[in-house]
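Small disclaimer: the values here were computed from a predicted structure and weren't measured.
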Amino acid sequence: MIYLISILAFVLDYLTKWWATTALTYGIPTPVFPCFNLFLVGNPGISFSFLRADSSLGVWLLIGLALSICVFLIYLIQHEKDKFSRIALAMVLGGALGNVWDRINYGFVIDFLDFYWDKYHFPAFNLADSFICIGVSLLLFRMIKKEKKNA
């Protein structure tokens with residue numbers, strides 16, 4: 001049942017990226033409201049273009065790394081007793097699978113959410129990245145809460 005969260009995260013990410021690639025023009029910002037654009041770009045790296053993979057070998061290395069992380073996340077979900085932590089891990093897994101899907105199909109990850117202030121833009125991201133960040137934040141919250149309880 002916990003994997004439904006991963007599946008839901010994957011499907012929502014897939015659908016929003018499908019919409020973005022059909023409705024937006026690559027590289028042209030679409031203003032939504034002050035400080036937020038829809039801005040379709042391809043990210044050949046990980047985490048805000050860090051470790052760019054500009055060759056097919058680099059792409060496959062990143063795919064291998066991401067799939068290894070997914071297998072590790074499945075292992076953690078299977079062995080974790082805390083339901084809250086399992087939910088957080090499932091969110092991370094769904095997001096990771098969403099980005100791996102892009103990398104397998106396109107060689108890069110589709111990003112389209114662009115927050116900015118004045119001329120300073122936060123790197124574009126997608127729903128998968130959001131699920132990963134929320135899941136990791138929930139795990140950190142749980143760890144801090146456990147630390148305080150044990151202190």
| Taking a hydrophobic cluster as the set of Ile, Leu, Val, Met, Phe, Trp and Tyr residues connected by side-chain heavy atoms closer than 4.5 Å, whether directly or through intermediates, do Ile74 and Leu8 fall within one such cluster? | yes
| message | When you group the ILVMFWY residues by side-chain heavy-atom contacts below 4.5 Å and let the links chain together, are Val109 and Leu15 in the same group? | response | no
Side chains of residues 92-101: which donor-acceptor partners sit under 3.5 Å, not counting sequence neighbours?
{"unit_1": "Asn99", "atom_1": "OD1", "unit_2": "Lys17", "atom_2": "NZ", "d": "3.0"}
{"unit_1": "Asn99", "atom_1": "OD1", "unit_2": "Asn126", "atom_2": "ND2", "d": "3.2"}
{"unit_1": "Asn99", "atom_1": "ND2", "unit_2": "Asp129", "atom_2": "OD1", "d": "2.8"}

| query | Where is the tightest heavy-atom contact between Leu62 and Pro44, given as atom of each residue plus distance? | reply | CD1-O, 3.8 Å
| For the rings on Phe115 and Phe122, is their centre-to-centre separation under 6.0 Å? | no
Under 3.5 Å, which donor-acceptor pairs link side chains of residues 81-88 to any protein atom two or more places apart or in another chain?
{"unit_1": "Asp82", "atom_1": "OD1", "unit_2": "Arg142", "atom_2": "NH2", "d": "3.2"}
{"unit_1": "Asp82", "atom_1": "OD2", "unit_2": "Ser85", "atom_2": "N", "d": "2.9"}
{"unit_1": "Asp82", "atom_1": "OD2", "unit_2": "Ser85", "atom_2": "OG", "d": "2.8"}
{"unit_1": "Asp82", "atom_1": "OD2", "unit_2": "Arg142", "atom_2": "NE", "d": "2.9"}
{"unit_1": "Asp82", "atom_1": "OD2", "unit_2": "Arg142", "atom_2": "NH2", "d": "3.4"}
{"unit_1": "Arg86", "atom_1": "NE", "unit_2": "Ile77", "atom_2": "O", "d": "2.9"}

So how far is it from [X] [atom1] to [Y] [atom2], rounded to the nearest 0.5 Å?
X     : Y     : atom1 : atom2 : answer
Leu65 : Leu61 : CG    : CG    : 8.5 Å
Ile7  : Leu12 : CD1   : CG    : 12.0 Å
Leu76 : Leu89 : CG    : CG    : 5.5 Å

| field | Those residues that, when tested against Asp111, pass salt bridge (Lys or Arg N to Asp or Glu O under 4.0 Å) (two or more places apart) | value | none
| note | salt bridge (Lys or Arg N to Asp or Glu O under 4.0 Å) filter on Asp114, not counting sequence neighbours, yields none
| field | Any residue meeting ring pair (Phe, Tyr, Trp, His ring centres under 6.0 Å) with Tyr116, in chain and number order, not counting sequence neighbours | value | His121
| remark: Contacts of Ala20 meeting side-chain contact (heavy atoms from CB on, under 4.5 Å) (sequence neighbours excluded), chain-then-number -> Leu24, Leu40, Phe112
